[in-house]
Amino acid sequence: MLGLRDKGAETSYAHPVGRGTRIRFLHSSDWQLGMRPHLLDEGRAELFSQARLDAVRRLGQLAAERSCEFLVVAGDVFESNQVDRRTVVRGLEAMASIPVPTYLLPGNHDPLDPGSVYLSEVFLSRCPSNVTVLTQRGLIELQPGLELVAAPWPSKRPATDLVAEACRELVPAGLRILVGHGVVSSFEANRDNPATIQLDAMEKLIASGCLHYVALGDRHSVTKVAERIWYSGGPEATDFGELASGQALLVELDEEFCSAEPVPIGTWRFLRKDFDLGAAEDIEGLRAWLTEQPDKARTIVRLALRGTLTLRLKAELDELLEEEQELFAAIDWWERESELAVMSDDGDFGALELSGFAEAARERLMAEAQPGQPDAERARESLALLYRLAGVAR
Ligand SMILES: [Mn+2]
């Protein structure tokens, strides 16, 4: 094992865990420190990275507030083994603030291969004394009567069920928490994936008293897989479609009892929303929805827009999105889902009274925008822009 676990005091306990002693700990995973969503510009990506570090500190505060004995992080602590030095230094600094022993499991993003971040000079030289990397597969005694069973990823593509391997030859003894990473058979569509974690095998180990809790990572939403088997999900959101990310699990456990309470940690949101646009009220509906969102600077929005707009309304839409983009972390149009047509209508320009070059451009674009013309769509976009510019210039 790496880290300073063998230095003693900080990771050993005064009292052995006897039968009936209930322990309380935090289960987290998928911190993915160093992750940068491609939708964010430089400044906002920096805020996003900082939020992931802040989440680590909040986990530490939660551990203190709720008197947890330790924290397990079930894989993908880092976005990849190639994260920059600054991410490692800042990540370790945040981990040092956690007031309890913290156990990190290498996952598929940060496996324990020869190029592993956990073997880097910067990690090894700065790893705080409360942090232990679970580098060895199998049992680790935290204190008499309490053990972790670690299933670290040795490479990006393991050829076997690492959890099953880690549990080989287990016999009932004391209280045991398995820490594993990857997809469980009940969620895996690909039957040929050799690394799938077999759920029935884990359930048997729990039924026979060999395991008392399975702390999993990889899914980003908190998920109860079965009794005593949970994914914690990540403490901050990473993508659209995560229904329950941004949490950690507070676990209370003994032989007869297990509760896992999801606790909110995260501050960022990824929102996807569909709008049908046709009339002015629809643009106002979109405006109202955007306006009412809390915490816009930490919200990434993806819009699917459908319908047909006149040039005037398209110009209004463009202006609205341009303005709101300043407030939100990002607003993305989901191109695949957006089917927005612009209708070029002579009446649109009536009130603007164009002349000279502008009028000539309008006439040409109107002709090009007729249905069936090869460049009709681009011409309509240009008309919308012309409409907007002419309106502004008036
Ligand atoms: Mn993963």
Side-chain angles (χ1 to χ4, degrees), residues 26-38 48-49 52-53 55-56 59 71-83 87-88 91 95 102-113 115-119 123 133-135 137 148-166 177-199 202 214-225 229-249 262 265-266 268 270:
L26 281 183
H27 167 195
S28 184
S29 71
D30 299 274
W31 292 357
Q32 301 195 212
L33 302 178
M35 181 198 169
R36 284 177 172 251
H38 71 277
F48 185 86
S49 300
R52 308 190 86 72
L53 296 170
V56 172
L59 286 169
L71 161 64
V72 294
V73 190
D76 294 354
V77 173
F78 293 99
E79 171 69 355
S80 86
N81 277 335
Q82 283 76 47
V83 288
T87 297
V88 178
M95 289 181 229
T102 297
Y103 299 93
L104 310 181
L105 184 83
N108 64 307
H109 278 253
D110 51 2
L112 205 68
D113 61 21
S116 178
V117 58
Y118 299 110
L119 302 174
F123 187 94
V133 183
L134 300 170
T135 56
R137 184 183 296 169
L148 295 183
V149 186
W153 281 52
S155 69
K156 267 204 176 297
R157 290 186 211 294
T160 176
D161 173 356
L162 297 168
V163 166
E165 288 289 318
I177 298 152
L178 182 128
V179 189
H181 187 93
V183 60
V184 167
S185 50
S186 52
F187 294 118
E188 175 61 293
N190 174 12
R191 294 190 174 277
D192 299 328
N193 178 1
T196 302
I197 301 168
Q198 296 303 324
L199 178 57
M202 276 191 297
V214 177
L216 294 173
D218 197 38
R219 282 177 81 81
H220 292 177
S221 288
V222 60
T223 308
K224 183 180 185 180
V225 179
I229 305 175
W230 287 77
Y231 285 100
S232 64
E236 275 288 0
T238 61
D239 207 349
F240 300 97
E242 295 173 359
L243 297 176
S245 57
Q247 304 182 80
L249 286 171
I265 298 287
W268 278 70
F270 287 72

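Start at 1 and go down the list; that is how both ligands and their atoms are numbered. These values consider heavy atoms only, across backbone and side chains, with no hydrogens, waters or symmetry-generated copies.
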Suppose we only count N/O/S atoms under 2.8 Å; would H181 qualify as near the Mn ion (ligand 1)?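 Yes.
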Give a yes/no answer: is there an N/O/S atom of D218 under 2.8 Å from the Mn ion (ligand 1)? yes
For Q198 and D161, test the side chains for any donor-to-acceptor distance below 3.5 angstrom and give the result as yes or no. no
Which atom of D76 is nearest the Mn ion (ligand 1), counting N, O or S only? It is OD2
Would the distance check show the side chain of S29 and the main-chain N or O of S232 forming a donor-acceptor pair, the cut-off being under 3.5 Å? no
Check: R52 side chain, W31 main-chain N or O, donor-acceptor pair, under 3.5 Å: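 Yes; at least one donor-acceptor contact below 3.5 Å.
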Report the residue from V163, L216, L105 that forms a side chain to side chain contact (heavy atoms under 4.5 Å, CB included) with H181. L105
